[in-house]
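A quick write-up on the structure given underneath.
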Amino acid sequence: DRPEAPIDGKEYARKDAEWVEVTGGDAVAFRGELLANQTVAGSTMTKVNLDTSSIDTDSALVDGKFKPSVAGYYQVNGAVGAYCVPPSDNTNVTLFKNGVVYSSGSQISMAGLNSARSVVSDVIYLNGTTDYLELFGQVKSSGTCGIESASKDTFLSAVLVSGGSASGDSIWTEEDGVATYDGDIE
């Protein structure tokens, strides 16, 4: 005879033979994008002026930077798409943490199109107070170049995977198919 948890859409755990509501930590998800194509000079590494977000659960888009208020490890993905005539022969993306190069991406060319895309991915710790990330791009062509504003081509996304959220830093354990709550309930 196992007692049944209340059925009201909330999450519950057993403590001292009672059902107690479980509340999670802060979930952070972010996706910053460009509203319009961005002009770049030559093959100069240029900060991508992220000026809009399609997802921002923490209001973390600050002056074109991702600056979350929750400390933890973030899965970060970025891409820079180039629009050049003639096509870019070198497109790169780089993540900067606190103004310093952190990760560089690889180039992906799209034959027959006036564009190329570079992607980068990493897990990065951010302290939730002063740390921030910026997306930089570099595009090179013998003609006119810019950073493409299409959200599928140019973006910076991040999701908290451990720290302030229960995902990845769980207070639950599982043994033999039985979940056990290992945290304190307030």
Side-chain angles (χ1 to χ4, degrees), residues 27-163 165 167-168:
V28 178
F30 171 80
R31 192 171 203 279
E33 301 161 354
L34 280 174
L35 284 174
N37 291 349
Q38 181 178 332
T39 304
V40 297
S43 62
T44 304
M45 184 67 69
T46 304
K47 179 184 173 187
V48 178
N49 296 322
L50 301 172
D51 55 6
T52 190
S53 58
S54 56
I55 303 168
D56 193 353
T57 62
D58 189 43
S59 299
L61 180 59
V62 178
D63 298 326
K65 304 169 187 171
F66 172 62
K67 188 176 180 184
S69 66
V70 179
Y73 288 92
Y74 288 81
Q75 170 62 52
V76 180
N77 306 294
V80 166
Y83 186 80
C84 300
V85 180
S88 172
D89 57 17
N90 188 1
T91 301
N92 294 296
V93 64
T94 302
L95 292 173
F96 279 61
K97 178 180 176 184
N98 301 330
V100 178
V101 172
Y102 193 89
S103 295
S104 294
S106 59
Q107 179 179 346
I108 300 172
S109 296
M110 296 180 281
L113 298 176
N114 288 337
S115 61
R117 182 182 320 125
S118 179
V119 296
V120 64
S121 182
D122 208 337
V123 174
I124 302 172
Y125 179 81
L126 300 171
N127 65 16
T129 55
T130 58
D131 286 344
Y132 63 91
L133 297 177
E134 296 172 293
L135 185 69
F136 277 71
Q138 180 181 25
V139 295
K140 180 182 172 193
S141 171
S142 60
T144 304
C145 276
I147 295 175
E148 175 67 47
S149 64
S151 62
K152 67 180 177 50
D153 292 327
T154 301
F155 63 87
L156 175 64
S157 66
V159 64
L160 181 65
V161 293
S162 73
S165 171
S167 62

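This is a predicted model, so every value here is computed, not measured. Note that these values count all heavy atoms, side chains included, but never hydrogens, waters or copies made by symmetry.
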Would you check if Val76 and Leu156 make a side-chain contact, meaning some heavy-atom pair closer than 4.5 Å?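 SC-SC contact between Val76 and Leu156 confirmed.
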Heavy-atom check, side chain of Ser118 versus side chain of Gln138, under 4.5 Å: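 No, too far: nothing below the 4.5 Å cut-off.
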Roughly how far apart are [X] [atom1] and [Y] [atom2], rounded to 0.5 Å?
{"X": "Arg117", "Y": "Lys152", "atom1": "CZ", "atom2": "NZ", "result": "5.5 Å"}
{"X": "Tyr102", "Y": "Thr94", "atom1": "OH", "atom2": "OG1", "result": "14.0 Å"}
{"X": "Asp51", "Y": "Glu33", "atom1": "CG", "atom2": "CD", "result": "9.5 Å"}

Tell me if a side-chain donor or acceptor on [X] pairs with a main-chain N or O of [Y] at a distance below 3.5 Å.
{"X": "Thr57", "Y": "Ala29", "answer": "yes"}
{"X": "Asn49", "Y": "Gln38", "answer": "no"}
{"X": "Lys97", "Y": "Tyr125", "answer": "yes"}
{"X": "Thr44", "Y": "Thr46", "answer": "no"}
{"X": "Thr154", "Y": "Gly81", "answer": "yes"}
{"X": "Asn98", "Y": "Tyr132", "answer": "yes"}
{"X": "Asp58", "Y": "Val28", "answer": "no"}

Please find the pair of heavy atoms, one from [X] and one from [Y], that lie closest to each other, and give the distance.
{"X": "Ala79", "Y": "Val119", "answer": "CB-CG1, 4.0 Å"}
{"X": "Asn92", "Y": "Asn90", "answer": "ND2-OD1, 2.8 Å"}
{"X": "Asp122", "Y": "Gln75", "answer": "O-NE2, 3.5 Å"}
{"X": "Ser53", "Y": "Phe30", "answer": "CB-CE1, 4.3 Å"}
{"X": "Thr91", "Y": "Ala82", "answer": "OG1-CB, 3.6 Å"}
{"X": "Leu126", "Y": "Phe66", "answer": "CD1-CE2, 3.6 Å"}

Just do the side chain to side chain contact (heavy atoms under 4.5 Å, CB included) check on Thr52 and Leu34 with the steps written out, would you? CA-CA 6 Å; Thr52 190; Leu34 280 174; over 6 Å; no
All side chain to side chain donor-acceptor pair (under 3.5 Å) counterparts of Asn37, not counting sequence neighbours: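 For Asn37 the side chain to side chain donor-acceptor pair (under 3.5 Å) partners, ignoring immediate neighbours, are Ser149.
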Testing Ser157, Pro68, Ser162 one by one against Tyr74 for a side chain to side chain contact (heavy atoms under 4.5 Å, CB included), which residue passes?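 Checked Ser157, Pro68, Ser162 against Tyr74; only one passes side chain to side chain contact (heavy atoms under 4.5 Å, CB included): Pro68.
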Atom NZ of Lys47: over 12 foreign heavy atoms under 6.0 Å: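 For Lys47, atom NZ is crowded (more than 12 foreign heavy atoms under 6.0 Å).
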